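Down below is the structure, laid out as structure tokens.
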Amino acid sequence: PANDIDSLRRPLIAGSEKVQQQIIPQLAELGNEGLDVLMEFLLKRRENPATWIDGKAYQVLYNSDAPQAKEFLRSCFPEGIVPLKSECGINYNSLQQLLAAQDFQAADRVTIEKMCELSGPTAVQRKWLYFTEVENTSAVDLQTINNLWLVHSEGKFGFSVQREIWLSLGKNWENFWPKIGWKAGNNWTRYPNGFTWDLSAPRGHLPLSNQLRGVRVFASLLSHPAWSKNPE
Ligand code: UYC
């Protein structure tokens, strides 16, 4: 295995994203020595904002039973690899943990809850949002939620991904919904079991926004200044 490790270590550090993506699961299969390489990799990159490649490496360690991996994460990344910044005193640990575990369905529920928390107690009670509340939502908090989704989904899921697709289709909802798997022909995808709760879903499939009360809330979210400003 020493040979295998050496032949994987270099391309993990210097290779393209595509190469890195292939190497991470190979290292995961090599036991403790593979985990050591992933830990070294994460530490080396920790000065830079986390990408979905960091997410992949982190998830291997997070989902491993190895005591050394648990101890490493506890001491070096106790809150994960995305800074859980909030202007509203909101705790994003549960969302971080569900996404690290790739439990996208539970993460989607928590995302809806956190969005309501961000708008205050009346929205929490109501369990859904007015578009005016979304317009006034903290950009810092939206970026935190979005970064968690991006980093833990190979860059496939998140509001910014949905925004990019929506803009590329000239904000045409009838083209947008089928593109992200929310509608097929005349049929809305049924909540929750019609949706695809893993990475085989189309880009932009998650997180969900209920369209029952119209598109205005989702339009506000996708138009929020958070997505055109640089991260703070
Ligand atoms: N649901 O169909 N949705 C719910 C979606 C629609 C409906 C929740 C998404 C169309 C009802 C989430 C789509 C529609 C409820 C989503 C979708 C509809 C409900 C839970 C594809 C009928 C029960 C959170 C666009 C034609 C609750 C929440 C209620 C729930 C998401 C029906 C996350 C992306 C137009 C009856 N749907 N929703 O908001 O509000 O309750 O009555 O979008």
Side-chain angles (χ1 to χ4, degrees), residues 52 82 86 88 90-139 141-224 226-227:
W52 64 266
V82 173
S86 174
C88 313
I90 291 184
N91 184 330
Y92 292 108
N93 281 303
S94 58
L95 183 59
Q96 189 275 327
Q97 286 162 18
L98 291 167
L99 288 169
Q102 304 281 278
D103 185 344
F104 291 114
Q105 186 165 359
D108 187 65
R109 293 289 335 183
V110 169
T111 298
I112 293 169
E113 285 165 21
K114 293 293 164 188
M115 297 286 290
C116 289
E117 266 185 62
L118 273 171
S119 295
T122 50
V124 170
Q125 258 192 344
R126 196 191 312 128
K127 294 190 191 331
W128 50 274
L129 299 171
Y130 291 137
F131 76 93
T132 45
E133 291 170 327
V134 173
E135 285 171 352
N136 290 312
T137 297
S138 155
D141 286 67
L142 282 182
Q143 285 164 356
T144 297
I145 294 172
N146 189 56
N147 285 335
L148 283 169
W149 276 95
L150 281 176
V151 163
H152 293 296
S153 70
E154 302 185 347
K156 264 191 139 174
F157 300 149
F159 303 128
S160 63
V161 177
Q162 293 169 335
R163 167 186 160 89
E164 183 196 309
I165 298 168
W166 183 60
L167 292 180
S168 79
L169 297 171
K171 306 187 180 180
N172 181 312
W173 297 102
E174 291 301 335
N175 294 339
F176 178 59
W177 288 317
K179 185 83 180 174
I180 62 171
W182 288 9
K183 202 174 183 180
N186 282 326
N187 302 313
W188 294 103
T189 303
R190 287 286 200 94
Y191 182 82
N193 292 331
F195 292 92
T196 304
W197 302 105
D198 59 50
L199 291 176
S200 71
R203 274 188 83 230
H205 192 60
L206 301 174
L208 300 184
S209 290
N210 193 357
Q211 307 289 287
L212 189 62
R213 298 175 192 86
V215 297
R216 215 153 167 197
V217 170
F218 199 28
S220 289
L221 181 56
L222 299 185
S223 309
H224 196 283
W227 318 129

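Not measured: the values here are computed from a predicted model. One-based numbering, in listed order, for ligands and for the atoms of each. The figures that follow rest on heavy atoms only: side chains count, while hydrogens, waters and symmetry mates do not.
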**Message:** Below 3.5 Å, N or O to N or O, backbone or side chain included: is there any such pair between W188 and ligand 1?
**Reply:** no
**Request:** Kindly confirm or rule out an N or O of K127 lying under 3.5 angstrom from an N or O of ligand 1.
**Result:** no
**Prompt:** At under 4.0 Å between heavy atoms, which part of S209 makes contact with ligand 1: side chain, backbone, both or neither?
**Reply:** backbone
**Message:** Please work out, at 4.0 Å between heavy atoms, whether the side chain, the backbone, both, or neither of R213 comes within that distance of ligand 1.
**Reply:** side chain
**Asked** Just distances here: any N/O of N210 and N/O of ligand 1 closer than 3.5 Å?
**Response** yes
**Prompt:** Hey, is K127 close enough to E113 for a salt bridge, meaning N to O under 4.0 Å?
**Reply:** no
**Heavy-atom gap K183 to ligand 1 smaller than 4.0 Å** = no
**Request:** Using a strict cut-off of less than 4.0 Å between a Lys/Arg side-chain nitrogen and an Asp/Glu carboxylate oxygen, indicate whether R203 and E154 qualify as a salt bridge.
**Result:** no
**Request:** Quick one: look at F195 and ligand 1, take heavy-atom pairs under 4.0 Å, and tell me if it's side chain, backbone, both or neither.
**Result:** side chain
**Message:** Please report whether atom 34 (C) of ligand 1 has a protein non-hydrogen atom at a separation of less than 4.0 Å.
**Reply:** yes
**Message:** One residue to check: L212. Relative to ligand 1, which of side chain, backbone, both or neither has a non-hydrogen atom less than 4.0 Å away?
**Reply:** both
**Prompt:** Looking at atom 27 (C) of ligand 1, would you say a protein heavy atom lies below 4.0 Å from it?
**Reply:** no
**Asked** Looking only at heavy atoms, is any part of W182 under 4.0 Å from ligand 1, and if so is it the side chain, the backbone, or both, or is it neither?
**Response** both
**Message:** In the structure I gave you, are the side-chain heavy atoms of S209 and W182 within less than 4.5 Å of one another anywhere?
**Reply:** yes
